Peer 1: 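The structure that follows is given in the form of structure tokens.
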Amino acid sequence: QVQLVESGGGSVQAGGSLRLSCAASGATYERYCMAWFRQAPGKEREGVAAICRDTDTTYYADSVKGRFSISQDNAKNTLYLQMSSLQPEDTAMYSCAAGGLIGKWRLLLPPSYKYWGQGTQVTVSS
């Protein structure tokens, strides 16, 4: 029932910035917590950042802390990932995901989420 559509990916030089968007539809309780994941060729899927409704708390992978910022505009049903100081190591397919109420220790784990978007490609050149 929940649908997620990512946008905003593209190619950028090292040190540049991009903002990814995830347009969501469907029951709000099915997307209480949302997150961004990424996967590069030959590597496992990695949880990047997560956020839940009715809280100011956000969660980030160590690899992106201080560079990426997750936020949501509930009135627009849109999730964002602001990425700055991008490096070639950030090159990956980025996907958004939605789920119910998720415990903090599981927020960056793929099995915690029921719904997934198709992804948007981010490529960072050196």
Side-chain angles (χ1 to χ4, degrees):
Q1 189 172 11
V2 171
Q3 291 185 307
L4 306 171
V5 181
E6 302 95 335
S7 62
S11 298
V12 65
Q13 295 186 116
S17 300
L18 283 174
R19 188 177 76 162
L20 306 183
S21 299
C22 174
S25 62
T28 300
Y29 66 85
E30 295 273 20
R31 45 188 173 90
Y32 184 83
C33 293
M34 299 187 71
W36 288 96
F37 293 82
R38 66 185 183 185
Q39 187 169 28
K43 295 185 178 180
E44 294 184 350
R45 185 162 49 187
E46 175 189 21
V48 176
I51 189 170
C52 297
R53 302 172 79 96
D54 304 323
T55 180
D56 293 329
T57 304
T58 55
Y59 301 87
Y60 298 94
D62 289 342
S63 59
V64 306
K65 285 182 179 178
R67 299 189 299 120
F68 291 11
S69 179
I70 188 171
S71 62
Q72 59 187 351
D73 186 335
N74 291 326
K76 296 182 178 180
N77 294 309
T78 303
L79 179 75
Y80 301 99
L81 184 68
Q82 179 67 52
M83 305 182 293
S84 62
S85 301
L86 284 163
Q87 300 299 313
E89 293 75 24
D90 297 314
T91 296
M93 180 70 72
Y94 285 72
S95 300
C96 65
L101 199 159
I102 300 168
K104 63 180 181 180
W105 297 110
R106 307 182 68 84
L107 281 169
L108 298 182
L109 302 179
S112 299
Y113 298 88
K114 183 177 181 179
Y115 302 99
W116 294 79
Q118 292 186 325
T120 184
Q121 178 67 38
V122 172
T123 302
V124 184
S125 62
S126 60

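Values reported hereafter were calculated over all heavy atoms of this structure, with side chains retained and with hydrogens, waters and symmetry mates removed. Computed from a prediction, not measured in an experiment: that's the story for all the values here.
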Peer 1: How long is the gap from CG on L4 to CD on Q118, to the nearest 0.5 Å?
Peer 2: 10.5 Å
Peer 1: Keeping the roles fixed (side chain from S112, backbone from R106), state whether a donor-acceptor pair exists under 3.5 Å.
Peer 2: yes
Peer 1: Looking at Q3, I want to see if its CD is surrounded by more than 12 non-hydrogen atoms of other residues, nucleotides or ligands under 6.0 Å.
Peer 2: no
Peer 1: Indicate the atoms forming the closest heavy-atom contact of V48 with V64, along with that distance.
Peer 2: O-CG2, 3.6 Å
Peer 1: Identify the heavy atoms of L81 and A49 that sit nearest to each other, and give their distance.
Peer 2: CD1-CB, 4.3 Å
Peer 1: Is Q121 close to T123 at the side-chain level, that is, under 4.5 Å between some pair of heavy atoms?
Peer 2: yes
Peer 1: Once you round to the nearest 0.5 Å, how far does OH of Y80 lie from OG of S69?
Peer 2: 12.5 Å
Peer 1: Once rounded to the nearest 0.5 Å, what's the spacing between atom CE of M93 and atom OG1 of T120?
Peer 2: 7.0 Å
Peer 1: Ignoring hydrogens and geometry, is there a side-chain-to-backbone donor-acceptor pair from Y113 to L107 under 3.5 Å?
Peer 2: yes
Peer 1: For G66, is there any backbone N or O sitting under 3.5 Å from a side-chain donor or acceptor partner on Y60?
Peer 2: no
Peer 1: Quick check: F68 with W36 (ring centres under 6.0 Å apart)?
Peer 2: no
Peer 1: Extract all donor-acceptor atom pairs below 3.5 Å that involve side chains of residues 13-20 and protein atoms in other chains or at least two apart in sequence.
Peer 2:
none

Peer 1: Roughly how far, to the nearest 0.5 Å, is CG of D90 from OG of S84?
Peer 2: 9.5 Å
Peer 1: Is there a donor-acceptor contact under 3.5 Å linking the side chains of E46 and S63?
Peer 2: yes
Peer 1: Minimum heavy-atom separation for L79 to S71, with atom names?
Peer 2: CD1-O, 3.4 Å
Peer 1: Provide the closest heavy-atom pair for T91 versus V124 in the form atom of the first, atom of the second, distance.
Peer 2: OG1-N, 2.9 Å
Peer 1: Starting at CZ of R53, measure out to SG of C33 and round the result to the nearest 0.5 Å.
Peer 2: 10.5 Å
Peer 1: Can you get from I70 to M83 by hopping between Ile, Leu, Val, Met, Phe, Trp and Tyr side chains that sit under 4.5 Å apart?
Peer 2: yes
Peer 1: Any side-chain donor-acceptor pair under 3.5 Å between R38 and Y94?
Peer 2: yes
Peer 1: For L101 and Y32, which heavy atoms make the closest approach, and how far apart are they?
Peer 2: CA-CD2, 3.9 Å
Peer 1: So how far is it from K114 NZ to I102 CD1, rounded to the nearest 0.5 Å?
Peer 2: 12.0 Å
Peer 1: Test your reading of the model: is there a side-chain donor-acceptor pair from E6 to the backbone of G119, 3.5 Å cut-off?
Peer 2: yes
Peer 1: Taking R31 for its side chain and A98 for its backbone only, find out whether a donor-acceptor pair lies under 3.5 Å.
Peer 2: no
Peer 1: Shortest non-hydrogen contact from S125 to P88?
Peer 2: C-CG, 4.4 Å
